[in-house]
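The structure under discussion appears below in the form of structure tokens.
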Amino acid sequence: MLNRIQVKEIKNDLSNSQFKFLRDILKKENHESLLSFLSENILKKYFEILIKSKNISLFFCEIDNKDIGYMVIANSPNHLINDFKSLKFSIFFDLVLNFKIKVLLNILISFFKLDLIFLSNKKDIIYKNPNLSLLAINAEFQSKGIGKIFIEKVLSEYNFKNRFHQITVETNNLRTENFYKEKVNFVYLGKKIRLFKNLKVFLKDLR
């Protein structure tokens, strides 16, 4: 099965079936992420902006032409805010109307960079390198080595290793933390402040 894994980058156009796949896997596997709290309409606009961005990349993982996972990598965490400024009011009202106050507060903490208090001496590492922002594999395909191969293929086949020295990722989940450390050779860098559970930041050398 592992030798049948294919990776493709989604650019310029997102089909209805691809969007439904993203929506469903977000709700199931990335249910603590900001995107999982957005309405379907705002979420679709978000991905429409993302796939046209020169600074953020969306990748799908396939086996036998079936989508089983996805990944988002931003060339810098700054782009995860700057590239979506046109949606800021829509996201704000969407979260307020749905009483997602904690999520909104975490966005503000990130926007004003208050989350980096414990990483103040490592800001250059974080902002001058890409960030693996989101990653998920469908539950039925987990724990089979697919996530590791997916990451390795993206980093090598899409030129990240030639353009950057390091890449970061964040998680507040022990299982995900162990995956990044034990399977993909990330090392602990520090923590970002979040309500009510801080994010652990990990770093991987690409050269």
Please output the side-chain donor-acceptor pairs of residues 31-40 that fall under 3.5 Å, not counting sequence neighbours, one pair per line with the distance.
residue, atom, partner, partner atom, Å
E32, OE1, N172, ND2, 3.1
S33, OG, N30, O, 2.9
S36, OG, H31, O, 2.9
S36, OG, S33, O, 2.7
S39, OG, I42, N, 3.4
S39, OG, D94, OD1, 3.2
S39, OG, D94, OD2, 3.4
E40, OE1, R23, NH1, 3.2
E40, OE2, R23, NH1, 3.3

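- L105 and L97 are assigned to two separate hydrophobic clusters, defined by single-linkage of ILVMFWY side chains at heavy-atom distances under 4.5 Å.
- In this structure, F141 is not a member of the same hydrophobic cluster as L134, with clusters built from ILVMFWY side-chain heavy atoms closer than 4.5 Å.
- In the hydrophobic cluster analysis, where Ile, Leu, Val, Met, Phe, Trp and Tyr join through side-chain heavy atoms closer than 4.5 angstrom, F89 is grouped together with L95.
- The side-chain heavy atoms of L189 and I126, taken from C-beta on, include a pair separated by under 4.5 Å.
- Put simply, CD1 on I193 and CG on L114 are 7.5 Å apart, with the number rounded to the nearest 0.5 Å.
- Residues forming a side chain to side chain contact (heavy atoms under 4.5 Å, CB included) with K102 (at least two apart in sequence, or on another chain): N106, L195, F196.
- Linking ILVMFWY side-chain heavy atoms closer than 4.5 Å, directly or via other members, places I73 and Y70 in two distinct hydrophobic clusters.
- Listed by chain and residue number, V96, L104 satisfy the side chain to side chain contact (heavy atoms under 4.5 Å, CB included) test with F92 (two or more places apart in sequence, or in another chain).
- Put simply, the side chain of S133 gets close to the backbone of N131: a donor and an acceptor are under 3.5 Å apart.
- Rounding to the nearest 0.5 Å places OG of S57 at 4.0 Å from CZ of F59.
- Considering all non-hydrogen atoms of both residues, N78 and Y127 come closest at OD1-CE2, 3.2 Å.
- Side-chain rings of F84 and Y46 approach one another, their centers coming within less than 6.0 Å.
- In this view, N198 satisfies the side-chain hydrogen bond (donor to acceptor under 3.5 Å, both in side chains) rule with no residue, not counting sequence neighbours.
- With values rounded to the nearest 0.5 angstrom, L119 atom CG is found 9.5 Å from K191 atom NZ.
- When the shell of 6.0 Å around NZ of K11 is examined, it contains more than 12 heavy atoms from other residues, nucleotides or ligands.
- Take D83 and apply the salt bridge (charged side-chain N to carboxylate O under 4.0 Å, His left out) test, not counting sequence neighbours, and it matches no residue.
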Only pairs under 3.5 Å count here: list side-chain donor-acceptor contacts from residues 143-161, not counting sequence neighbours, and write none if there are none.
residue, atom, partner, partner atom, Å
S143, OG, R175, NH2, 3.3
K148, NZ, E152, OE2, 2.7
K153, NZ, E157, OE2, 3.4
S156, OG, E152, O, 2.8
S156, OG, K153, O, 3.3
Y158, OH, E9, N, 3.4
N159, OD1, N162, ND2, 2.7

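- Applying the salt bridge (Lys or Arg N to Asp or Glu O under 4.0 Å) test to residues at least two apart or on different chains, the pairs with a partner in residues 49-76 are R4-D64, K8-E62, K66-E140.
- Residue-environment remark: NZ (K27) exceeds the threshold of 12 foreign heavy atoms within 6.0 Å.
- Counting heavy atoms from C-beta on, the side chains of I10 and F47 never come closer than 4.5 Å.
- Side-chain contact annotation: N173 with T171, donor-acceptor N/O pair under 3.5 Å absent.
- The shortest heavy-atom contact between I137 and I25 is C-CD1, 4.0 Å.
- Screening residues 93-113 for ring-ring contact (aromatic ring centres under 6.0 Å, His included) gives no qualifying pairs among residues at least two apart or on separate chains.
- Here F186 pairs with Y180 under the ring-ring contact (aromatic ring centres under 6.0 Å, His included) rule; sequence neighbours left out.
- Distance check, rounded to the nearest 0.5 Å: CD1 of I107 to CG of L80 gives 11.5 Å.
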- Query: Which is it for Q6 and N65 under the side chain to side chain contact (heavy atoms under 4.5 Å, CB included) test, yes or no, and what are the steps along the way?
  - Reply: CA-CA 8 Å; Q6 298 293 321; N65 296 317; over 6 Å; no
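- The list of salt bridge (Lys or Arg N to Asp or Glu O under 4.0 Å) pairs with a residue in residues 113-134, not counting sequence neighbours, reads D115-R194.
- Residues forming a side chain to side chain contact (heavy atoms under 4.5 Å, CB included) with D24 (at least two apart in sequence, or on another chain): none.
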- Query: Between L43 and L26, is a side chain to side chain contact (heavy atoms under 4.5 Å, CB included) present by the stated rule, with each step listed?
  - Reply: CA-CA 10 Å; L43 183 63; L26 264 167; 3.9 Å; yes
Please tabulate, one pair per line, all N/O donor-acceptor pairs under 3.5 Å involving side-chain atoms of residues 199-206, not counting sequence neighbours.
residue, atom, partner, partner atom, Å
K200, NZ, E177, OE1, 3.3
K204, NZ, V184, O, 2.8
D205, OD1, Q166, NE2, 3.1

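- Rounding to the nearest 0.5 Å places CG of L14 at 7.0 Å from CG of L58.
- Hydrophobic clustering, with ILVMFWY side chains joined whenever heavy atoms are under 4.5 angstrom apart, groups L22 together with I91.
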- Message: Please evaluate residues I56 and V72 with respect to the criterion side chain to side chain contact (heavy atoms under 4.5 Å, CB included), reporting the C-alpha separation (whole Å), side-chain torsions for both, the decisive distance (0.1 Å), and the verdict.
- Response: CA-CA 7 Å; I56 310 173; V72 174; 3.6 Å; yes
- Message: Applying side chain to side chain contact (heavy atoms under 4.5 Å, CB included) to S86 and I49, what does each step give before you reach the verdict?
- Response: CA-CA 9 Å; S86 63; I49 293 173; 3.5 Å; yes
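- Proximity of a side-chain donor or acceptor of E182 to a complementary backbone N or O of F179 within less than 3.5 Å is not detected.
- Here CD1 of I68 is found 3.5 Å from CD1 of I63. Values are rounded to the nearest 0.5 Å.
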